[in-house]
Protein chains: 2
Amino acid sequence: MGRVSDAKQRLMDAVLELIWSGSYGSTTIDNICEKAGVKKGSFYYFFDSKSELAAEAFEESWKTKRIELDSIFSPTVPPLERLNKYFDFGYKFQREIKAKHGRVLGCPQVTLGSEICTQEDALQKKIQGIMDQKRKYVESAIRDAHAAGEIHAPDAGAKARMLLAYYEGLLTQARIQNNVEVLREAHSGILTILGVKETAAA
Amino acid sequence: MGRVSDAKQRLMDAVLELIWSGSYGSTTIDNICEKAGVKKGSFYYFFDSKSELAAEAFEESWKTKRIELDSIFSPTVPPLERLNKYFDFGYKFQREIKAKHGRVLGCPQVTLGSEICTQEDALQKKIQGIMDQKRKYVESAIRDAHAAGEIHAPDAGAKARMLLAYYEGLLTQARIQNNVEVLREAHSGILTILGVKETAAA
DNA sequence: AATATAATAGACCAATTAGTCAACTACTAT
DNA sequence: ATAGTAGTTGACTAATTGGTCTATTATATT
C-alpha cells in the first residue's frame, strides 16, 4: 500500500553511471539526484549516504550481471570456449561503451575499488565480495580445462587470479588511455597465461 | 633574490601522499595546505589548481623514481635479473608502505590515472606519459633477454605491455584487498608470461 | 643599509555541499 | 470512500569548498 515509484532504481542507475563515467569522488548527491530526476528529500528517504547507495547499486547490478555470466560460463560449454567468450564479450562490451559514452570505461569494480578502498570500508568489502565471485567463474572454467587435459593448471585458483589480474590490468589501461584496441592483445595474452598453443586455439 | 622557502616542495609531497593514501577526489586544497603546513594564499601563489599541483608533483616524483629505475635497469645487469629486481623491489616497497601506512597502496599512477582519466585531461596525459616511459625499461630488458636467447619474445613491446598489465593488475588487487601477499604470486606469473622455465630461474 | 622581490598570512567571498524537516500527494487495501 | 502508508517536495541550515586580495615579512643582491 501507499505510493509507488521507481525512484530508488533510478537513483541506483544514476550512481552507477556517474561513478563509472567519472569517479566516486566527483559524484555528488546533488548530481545523482539531478540525473535520476529525484529530489534530495527522496534520496534521503531511500538511502543514508552516497556510499550506502553505491553499495546497494553495485550489489543490484551484480545480480543481473551474474545472469549473463551464468550463461557464458555454463558447464555445458567447453571450458576454453567459456573463457574465450567471456573475454571476447568484454572487448565488445567496451567497444559499445566507447561508442555510447565516447570513452572506454573499463571495469567498474576495479575502478571504484581502487579509488575508495582506503576510505570506504563497507563499500570496499562489497566490491571485494563481487570480485571474489567473479573469479569463481574463471576458476571453475580453468579447473575444467585442466581436468579435460586442455591446459596444465594444477592450481586453478592461482591461474584464475593471474588471468584476472592481467585482464583487469588491461581494462584499466584501456580506460586510462581511452583506447579499446589495448584489449585486442588480450586474446593472445590469455593463451600465453593458460599455456595454450596459440595457433591451435586461435 | 627575495624570500626563500620549500613550501612548493612541501605542497607537492603532501598532495602525493594524500592522493596515494586516499584518492584524488577526497583530497581538498585545504587538506593539502594543512598537511604541508602552508596557507592557502601561498598555495595559489605557487599553483593555479589542485590538478596543476598534482601534475607537477607526479612529474617531479617521476624524476627521482627514474634514478632508481636507471640503476635497476642498467644494461650492465643481465636482462632477466633486471626484471627480477624490479618486481622484487615492488614487493618490498609495498611491504614498507604497508608497515608505514597500515595499507598497501599499489601504483600511484594507475590509481590516479584510473580515477581521473575521464575528467582531468592534462593530468591524464601526464600520467600516461610517465607510464609510457616506465614501460620502456621493461621493454628494453625484454628485448635484451630475447637477443640473448634467454626468452622468446620477438615483439618486446607487446610483451612489455602484457607484463605490466599483469603486474599493475596485481598491484591494484593488492591495494583493493590491502594485502601484500597478493604480490607473492608475481614471480611465478612473470616467468609464465616471459616463457622462462620456472625451476631454472627460481 | 637600502631596495626590490619572493613568499607568507589570513581575512574574506561566493558557490557548493551534505543533510533536515514538515507539509503534501498519490496510491492500495480494506 | 476512506484511512493508512509509501513516496514526494522544496525550502532550509550549517559546513565545507575553491578562490581572491591586501598587507606584511624575510632575504638576496647592490
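Ring geometry for A:Y137 against A:F73 counts as tilted: the plane angle lies between 30° and 60°, on a 0 to 90° scale.
For A:K65 and A:F93, the positive end sits near the middle of the six-membered ring, less than 6.0 Å away and at most 45° from its axis.
The distance from atom CG of A:L53 to atom P of C:dA18 is 12 Å, rounded to the nearest whole Å. The nearest whole Å value for the distance from the CZ atom in A:R10 to the P atom in D:dG7 is 12 Å. Rounded to a whole Å, the CG atom of A:D30 is 14 Å from the C1' atom of D:dT17. For the pair B:E34 CD and C:dG10 P, the interatomic distance rounds to 15 Å; values are reported in whole Å. Look at CG on B:D48: it is 14 Å from P on D:dG18, rounded to the nearest Å. Rounded to an integer number of Å, the gap from B:K39 NZ to C:dG10 C1' is 8 Å. We find that CZ of B:F43 is positioned 14 Å from C1' of D:dT20, with the value rounded to whole Å. Rounded to a whole Å, the CG atom of B:N31 is 13 Å from the C1' atom of D:dG18.
Checking the phosphate oxygens (OP1, OP2) of C:dT8, a side-chain nitrogen or oxygen of B:S5 falls inside 4.0 Å. Side-chain N/O atoms of B:Y44 include none lying less than 4.0 angstrom from OP1 or OP2 on D:dT20.
No side-chain N or O of A:E168 forms a donor-acceptor pair with one of B:T172 less than 3.5 Å apart. With hydrogens and angles left out, the side-chain atoms of A:Q128 and A:D132 include no donor and acceptor closer than 3.5 Å.
A donor N or O paired with an acceptor N or O is not found under 3.5 Å between the base of D:dT8 and the side-chain atoms of A:R3.
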Pairwise N/O distances under 3.5 Å, protein to nucleotides 12-14 of chain C:
none

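Nucleic acid contact for A:S42: base, since at least one base atom lies under 4.0 Å from a heavy atom of the residue. Backbone-only contact: A:F46 has heavy atoms under 4.0 Å from sugar-phosphate atoms and none from a base.
Two residues are said to be in side-chain contact when any heavy atoms from C-beta on lie closer than 4.5 Å; B:M162 and A:I193 meet this criterion.
Put simply, OG1 on B:T118 and CD1 on A:I176 are 11.5 Å apart, with the number rounded to the nearest 0.5 Å. We find the CD1-CG distance between A:I72 and A:L83 to be 10.5 Å, quoted to the nearest 0.5 Å.
Each of A:I29 and B:G41 has a nearest nucleotide on DNA chain C; the 5'-most of these lies closest to B:G41. Of the two residues contacting DNA chain D, namely B:T27 and A:V38, the nearest-nucleotide position lying further toward the 5' end is that of A:V38.
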